[in-house]
Amino acid sequence: GLELLDDAPLFWTPGSKPGPKGGRRWLAKPYSKALAEKHFRKIRVAVYGKEEDRQLADMRRTGTVEGTAGGATPTDTSNKMANTLFASARLQKTYTPVNVASVRSFDEARLRGAKKLREQKPTKSVMTSNGKVS
């Protein structure tokens, strides 16, 4: 029943209540980068074990890779990530690395294109009588 504003933080700290001996109550507040990473590590270990090494930043990259493989355009990706991939080659390389689905999609397109080109039967040569392209 809430309307989320465009600039509203999505992730908030849990806050705290006074313990049995009292103490100061901490209100929930938007996560800082350091605290979000600390809490993420605790949850990651609890869910996946100590061997897992995913980082909070990996969610952004994974989402981008999955979106690209699903057909998202670079413009869609930039809008979702709230930045401009077009303006930063470093961001583009970081968040849209080579992925197997994209490579296979290109290979399939290349095969379709090669087949279309083989099927073309020009009615006359594109070369002129002096050997130049017309």
How long is the span from the CD atom in Glu37 to the CD atom in Gln55, to the nearest 0.5 Å? 7.5 Å
What's the shortest heavy-atom distance between Glu52 and Arg44, and which atoms? O-NE, 3.4 Å
Minimum-distance pair of heavy atoms, taken over all atoms of Ser16 and Arg24: OG-O, 4.2 Å
Return a table of donor-acceptor pairs under 3.5 angstrom between the side chains of residues 26-35 and protein atoms on other chains or two or more places apart.
{"from": "Tyr31", "atom 1": "OH", "to": "His39", "atom 2": "ND1", "distance (Å)": "2.6"}
{"from": "Ser32", "atom 1": "OG", "to": "Leu35", "atom 2": "N", "distance (Å)": "3.2"}

